[in-house]
Amino acid sequence: MSGRLSGKVALISGAALGMGFAEAQRLAIEGACVVASDILVDEGEQLVSEICKSGGKATFVKLDVTSETDWQEAVETAVSTYGKLDILVNNAGIVALEGVEDTTLEIWNKVMAVNSTGTFLGMKAAIPAMRKNGGGSIINISSVWGITGTAGATAYQASKGAIRTMTKSAAVQYAAEGIRVNSVHPGIITTPMVVEGVPDEMRESVVAQTPMGREGLPEEVANMVLFLASDEASYVTGGEYLVDGGYIAL
Ligand code: NAP
């Protein structure tokens with residue numbers, strides 16, 4: 001397949017559903033060899049089968065982003081299957097909507113482990129492979145709620161804020177080695193996380209605070225990820241990119 005990512009190899013976490021699913025499909029359509037990973041094995045293998053049937057190249061690997069061993073194996077799979085690693089999309093995440101006093105230590109630790117530690121471990125595992133390859137692009141999926149506040153979602157907001165600043169830290173550290181690191185900040189996007197995990201009244205309230213007056217689509221986030229992954233973004237690092245229908249501008 002030829003395209004904007006022709007010849008590149010991409011590893012995506014949380015690719016079985018939602019935004020990760022759309023990102024895997026979009027990157028494959030643009031010519032990348034995709035290592036799609038998730039804790040959901042059946043759904044992840046189904047995605048890979050769909051990509052391959054459409055003429056793309058993809059492999060599934062089971063990856064719990066809280067496991068350093070899983071990350072090492074996922075990067076090794078990319079290198080042994082496709083020869084290298086150019087792109088990492090740290091997409092996997094979980095949501096929790098409790099405020100400070102209702103957030104148990106268990107909720108806090110779980111959300112931080114998946115969203116923040118998972119992103120850190122992904123970068124840590126991918127950077128040595130990217131260095132061998134002479135560079136790469138890391139895209140960390142944060143949120144508008146990694147930039148601004150809302151009532152509740154204490155652990156989620158803290159975890160997404162950590163992604164925003166660890167992105168800038170890594171961007172500065174690795175710029176000289178040709179490794180670009182950027183964060184993407186979606187507003188409310190129609191995915192299983194939102195449909196199954198966010199109450200209707202909260203969805204309506206966020207849409208009411210969104211100038212474009214609607215939820216976004218996973219494909220609209222995938223388009224931003226594609227740009228940041230590609231050589232079109234060759235002078236882009238350490239930045240934060242909103243895909244939010246104007247939510248932060250209000
Ligand atoms: P989603 O529909 O829930 O999909 C996320 C995928 O990640 C699921 O397959 C999920 O599996 C998987 N996952 C969960 N924990 C994991 C772990 N420990 N290791 C590996 N995979 C794991 O979520 P989404 O809405 O597409 O969200 C994707 C990213 O965008 C997340 O980081 C999220 O915080 C962020 N985001 C979403 C929105 C939104 O409005 N949807 C807005 C801003 C930012 P399970 O289903 O089994 O949990």
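Order of listing sets the numbers, starting from 1, for every ligand and every atom in it.
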Discussion item. Assess whether a salt bridge exists between Lys110 and Glu106, defined as any Lys/Arg side-chain N lying under 4.0 Å from an Asp/Glu carboxylate O.
Written reply: no
Worksheet item: Given the rule that I, L, V, M, F, W and Y join up when any side-chain heavy atoms are under 4.5 Å apart, are Val198 and Val221 in one cluster?
Response: no
Discussion item. Under 3.5 Å, is there a donor on one side chain and an acceptor on the other for Glu215 and Thr190?
Written reply: yes
Discussion item. Glu220 vs Arg214, test: salt bridge (Lys or Arg N to Asp or Glu O under 4.0 Å). Steps then yes/no.
Written reply: CA-CA 13 Å; Glu220 293 176 298; Arg214 66 171 175 87; 2.8 Å; yes
Item to complete: Measure the distance from atom 38 (C) of ligand 1 to every protein heavy atom, then report the residue, atom name and distance (to 0.1 Å) of the closest one.
Response: Met19 CE, 3.5 Å
Discussion item. Under a 4.0 angstrom heavy-atom cut-off, which atoms of ligand 1 come close to Ile188?
Written reply: 40 (O)
Worksheet item: Distance below 4.0 Å between atom 48 (O) of ligand 1 and any protein heavy atom?
Response: no
Worksheet item: Are any of the heavy atoms in Pro218 under 4.0 Å away from ligand 1?
Response: no
Worksheet item: With atoms numbered from 1 as shown, which atoms in ligand 1 lie under 4.0 angstrom from a non-hydrogen atom of Ile141?
Response: 29 (C), 30 (O), 35 (C)
Worksheet item: Hey, mind stepping through Glu50 and Ser54 against side-chain hydrogen bond (donor to acceptor under 3.5 Å, both in side chains) and telling me if it holds?
Response: CA-CA 6 Å; Glu50 281 175 31; Ser54 315; over 6 Å; no
Worksheet item: Any side-chain heavy atom of Asn133 within less than 4.5 Å of one from Leu85?
Response: no
Practice prompt. Answer side chain, backbone, both or neither: which part of Leu63 comes under 4.0 Å from ligand 1, heavy atoms only.
Written response: backbone
Response to the item:
Closest to atom 7 (O) of ligand 1 among protein heavy atoms sits Gly14 CA, 3.4 Å
Worksheet item: Would you say the side-chain atoms of Gln209 and Ser205 include a donor-acceptor pair closer than 3.5 Å?
Response: yes
Worksheet item: To the nearest 0.1 Å, how far is atom 40 (O) of ligand 1 from its closest protein heavy atom, and which atom is that?
Response: Ile189 N, 2.9 Å
Item to complete: Please state whether Gly118 comes within less than 4.0 angstrom of ligand 1, counting heavy atoms only.
Response: no
Worksheet item: Is Phe21 near ligand 1, meaning one of its heavy atoms is under 4.0 Å from it?
Response: no
Worksheet item: Applying a 4.0 Å heavy-atom criterion (strictly less than), which segment of Leu40 is in contact with ligand 1: side chain, backbone, both, or neither?
Response: side chain
Response to the item:
In this structure, atom 27 (O) of ligand 1 is nearest to the protein heavy atom Met193 CE, 3.9 Å
Worksheet item: Does the distance from a Lys or Arg side-chain N to an Asp or Glu carboxylate O, for Asp231 and Lys8, drop under 4.0 Å?
Response: yes
Worksheet entry | Test side-chain hydrogen bond (donor to acceptor under 3.5 Å, both in side chains) applied to Tyr82 and Thr59, step by step | CA-CA 10 Å; Tyr82 300 118; Thr59 302; 2.7 Å; yes
Fill in: Glu215 near ligand 1 by a heavy-atom separation under 4.0 Å
no
Worksheet entry | Ile94 neighbourhood, listing ligand 1 atoms whose heavy-atom distance to it stays under 4.0 Å | 14 (C), 15 (N)
Response to the item:
Tested for side chain to side chain donor-acceptor pair (under 3.5 Å) against Asn90, the lone hit among Thr167, Thr119, Asn140 is Asn140
Response to the item:
Note: Ser13, heavy atoms under 4.0 Å from ligand 1, region reported as neither
Worksheet item: Of all the non-hydrogen atoms in the protein, which one sits nearest to atom 31 (C) of ligand 1, and at what distance?
Response: Asn91 O, 3.1 Å
Worksheet entry | Closest approach of any protein heavy atom to atom 19 (N) of ligand 1, naming residue and atom | Val65 N, 3.0 Å
Worksheet entry | Closest non-hydrogen atom pair between Lys160 and Ser143, with its separation | CG-CB, 3.9 Å
Discussion item. So for ligand 1, is Thr66 a polar contact partner (N or O within less than 3.5 Å, distance only)?
Written reply: no
Item to complete: Could you find the nearest protein heavy atom to atom 25 (O) of ligand 1 and give me its residue, atom name and distance?
Response: Thr191 OG1, 2.5 Å
Worksheet item: Atoms of ligand 1 less than 4.0 Å from Val194 heavy atoms?
Response: 39 (C), 40 (O), 41 (N)
Worksheet item: Salt bridge between Glu73 and Lys62, side-chain N to carboxylate O under 4.0 Å?
Response: no
Worksheet item: Which residue and non-hydrogen atom of the protein lie closest to atom 9 (O) of ligand 1, and at what distance in Å?
Response: Asp38 OD2, 2.8 Å
Worksheet item: What atoms in ligand 1 come closer than 4.0 Å to a heavy atom of Asp64?
Response: 17 (C), 18 (N), 19 (N)
Discussion item. Between the side chains of Glu232 and Arg4, is the shortest nitrogen-to-carboxylate-oxygen separation below 4.0 Å, so that they form an ion pair?
Written reply: yes
